[in-house]
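Heavy atoms only: backbone and side chains are in, while hydrogens, waters and symmetry mates are out. Naming convention: chains lettered A, B, ... in sequence-line order (proteins, then strands); numbering from 1 in each chain.
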Number of protein chains: 2
Amino acid sequence: MKKSNITTLEQFKEKNYGKRGTKQRDELETGYENFKIGALIHEARLKKGLTQEQLAEKVGTTKSYISKIENNIKEVRLSTLQKIVELGLEGHLQLKIQL
Amino acid sequence: MKKSNITTLEQFKEKNYGKRGTKQRDELETGYENFKIGALIHEARLKKGLTQEQLAEKVGTTKSYISKIENNIKEVRLSTLQKIVELGLEGHLQLKIQL
DNA sequence: GCAAAAGTTTCACTAACGGACAACATTCAC
DNA sequence: GTGAATGTTGTCCGTTAGTGAAACTTTTGC
């Protein structure tokens, strides 16, 4: 495990993604493209300061699967994506259609 | 086809969903839940004044499948949802994660 | 440089699901 | 009521999302 002068998760997140409550810190969005979902999850995971293994455990899957999703090797099912976001990232998934 | 005093599609859409450019007319969003995606597509389709069959044809699928999606009998694949939104509804799909 | 942690890739496997097709039901205009 | 248009439902099948474990590579701390 990497050691640094940062001791709390909050410090980590604030340093890398700004203070809590800012859009930059709390919100991640993308126009949908297959190959961007991986990046979305990847970023969200880092913002939460989690390793793939930790995320996997919270969701009830394996780190190898998380890796494949982040690298867009497997397409995620919407229901699985929801599990990852809600259980793993403790966030909320939102869907928007612009006509 | 139902006949009425409305003669153009634009009139239909304006009457039922407001003027172009308004949020009410152009935007549909939902916190992700399985059973809400159907309603989202259903609403978007009506806003566009399309039948299930017309939508299906534009996307390259069948009306029976569209029906099942709208009624939440089948979960849509993300890639298929994208096709429906972009090809069928001529809209744009957006995905957001709230942490 | 070394070791440990984190991430990637491969392989084998299969239950579950997406999506097609055709038949059926409903709604609507007249 | 009747017929045409629209929407729903049952059945079926090929594809694939997801598992699990192991081997491998990259990154990191010291």
Pair A:Leu28-B:Lys96, side chain to side chain contact (heavy atoms under 4.5 Å, CB included): steps then yes or no: CA-CA 6 Å; A:Leu28 285 160; B:Lys96 193 191 281 184; over 6 Å; no
Residue mapping more 5' on DNA chain D - nearest nucleotide basis, A:Thr80 or B:Ile73: B:Ile73
Atom-to-atom span, OH of A:Tyr65 to P of D:dT16 - whole angstrom: 14 Å
Nearest-Å distance for atom pair CD/C1', residues A:Glu53 and C:dA5: 9 Å
Closest nucleotide among C:dG7, D:dT8, C:dT9 to the B:Asn71 side chain: D:dT8
Distance test, side-chain N/O of B:Ser67 to OP1/OP2 of D:dG7, below 4.0 Å: no
Whole-Å gap separating P (D:dT9) and CD (B:Glu70): 12 Å
Base D:dG7 to side chain B:Lys68, donor-acceptor N/O within 3.5 Å cut-off: no
Donor-acceptor contact below 3.5 Å, side chain B:Lys63 vs main chain B:Glu53: no
Shortest side-chain distance from A:Lys63, nucleotide among C:dT8, D:dT6, C:dG19: C:dT8
ILVMFWY network linking A:Val59 to A:Ile69, side-chain heavy atoms under 4.5 angstrom: yes
Spacing of A:Ile41 atom CD1 relative to C:dG7 atom C1', expressed in whole Å: 15 Å
Verdict with reasoning, A:Gln98 to B:Gln94, per side-chain hydrogen bond (donor to acceptor under 3.5 Å, both in side chains): CA-CA 8 Å; A:Gln98 288 274 4; B:Gln94 208 166 349; 4.6 Å; no
side-chain N/O A:Ser64 vs D:dG20 OP1/OP2, d < 4.0 Å: no
OP1 or OP2 of C:dA6 under 4.0 Å from side-chain N/O of A:Arg45: no
Under-3.5 Å donor-acceptor pair between B:Thr62 side chain and C:dC21 base: no
Whole-Å distance separating the CG atom of B:Leu78 from the P atom of D:dG18: 10 Å
Gap between atoms CD1 and P, on A:Ile66 and C:dG7 respectively (whole Å): 11 Å
Sugar-phosphate only, base, or nothing, as touched by A:Glu75 at under 4.0 Å among non-hydrogen atoms: sugar-phosphate
Separation of C:dA16 P from B:Arg77 CZ (nearest whole Å): 16 Å
Spacing of A:Lys74 atom NZ relative to D:dT15 atom C1', expressed in whole Å: 11 Å
Closest to the B:Thr51 side chain, choosing from C:dG18, D:dG7, D:dT19: D:dG7
Under 3.5 Å side-chain donor-acceptor pair for A:His42 and A:Glu70: yes
